[in-house]
Amino acid sequence: NAGVTQTPKFQVLKTGQSMTLQCAQDMNHEYMSWYRQDPGMGLRLIHYSVGAGITDQGEVPNGYNVSRSTTEDFPLRLLSAAPSQTSVYFCASSYPEGHEQYFGPGTRLTVT
Amino acid sequence: GEDVEQSLFLSVREGDSSVINCTYTDSSSTYLYWYKQEPGAGLQLLTYIFSNMDMKQDQRLTVLLNKKDKHLSLRIADTQTGDSAIYFCAGSHNNDMRFGAGTRLTVKP
């Protein structure tokens, strides 16, 4: 199993550009989520999904969209990047609540 | 959602015990977790405790939960240099997980 994979590993965007951060897992996990990690703030939940076709907002959803058309994939879209979205983004997956979340290696995004 | 607070830094000598503390505000958290993050990597689950438990032990790790004070701690016995990392506590309720800012543990030889 590859576990949770994320692409790209690094990305630089200009303000106003759009992009999609990819996340995939091959463990047949129902639950997937996106976090951003900023210095001194830990991880903050952006969006999560409890299964294909179901998504919900986390703590900091503004500026991000998600969809979950398959169990395996959970892309995160930035429609119009802003410097405040400079961060490290982690995708995670697990069975339902209470089970271990498996984290991807992260995507380091810089918006200039 | 809830706020989760941790002290930012802890330094110990190799072989000593480390105690990392965490406080949380939402008493409805179903599970409470400890994660470890090494440089350049994602988070790795160390252990978790169900909210109706007071203590959980797993080899060198001991988790204590004081529900009255909303206080969670992680004790690492016989701390090794390989334990140097950032440790995050987190609480979850209805699939909404909230993390503390992380405690950077430095282990000196």
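For the numbers below, each heavy atom of this structure counts, side chains included, while hydrogens, waters and symmetry mates do not. Letters A, B, ... mirror the listed sequences (proteins, then strands); counts begin at 1. Keep in mind that this is a model prediction, so the values were computed, not measured.
A:Gln37 is not listed as a side-chain neighbour of B:Phe99, based on a closest heavy-atom distance of 4.5 Å or more.
Neither the backbone nor the side chain of B:Leu8 comes within less than 4.5 Å of any heavy atom of chain A. For B:Gln37, the part lying near chain A is the side chain, with the backbone staying farther off; criterion is any non-hydrogen pair under 4.5 Å. Heavy atoms closer than 4.5 Å to chain B are found in the side chain of A:Tyr35, but not in its backbone.
In this structure, the separation between CZ on B:Arg98 and CG on A:Leu43 is 12.5 Å, given to the nearest 0.5 Å. One distance of note links OG of B:Ser92 with OH of A:Tyr31; it measures 8.0 Å at 0.5 Å rounding.
Other residues, nucleotides and ligands contribute only 12 or fewer heavy atoms inside 6.0 Å of the NZ atom of B:Lys108. By the 6.0 Å contact criterion, CZ on A:Arg44 is enclosed, its count of non-hydrogen atoms from other residues, nucleotides or ligands being greater than 12. Annotation: B:Glu5, atom CD; neighbour count of heavy atoms from other residues, nucleotides and ligands within 6.0 Å does not exceed 12.
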Kindly determine whether A:Gln101 and B:Tyr33 satisfy side-chain contact (heavy atoms from CB on, under 4.5 Å), including the steps that lead there.
CA-CA 10 Å; A:Gln101 286 205 63; B:Tyr33 305 83; over 6 Å; no
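Linking ILVMFWY residues whenever their side-chain heavy atoms come closer than 4.5 Å, directly or via other members, places B:Phe50 and B:Trp34 in the same cluster. In the hydrophobic clustering of this structure, A:Val88 does not group with A:Phe74; members are Ile, Leu, Val, Met, Phe, Trp, Tyr whose side-chain heavy atoms approach within less than 4.5 Å, directly or through other members. Taking hydrophobic clusters as Ile, Leu, Val, Met, Phe, Trp and Tyr residues chained together by side-chain heavy-atom distances below 4.5 Å, B:Ile20 shares a cluster with B:Tyr31.
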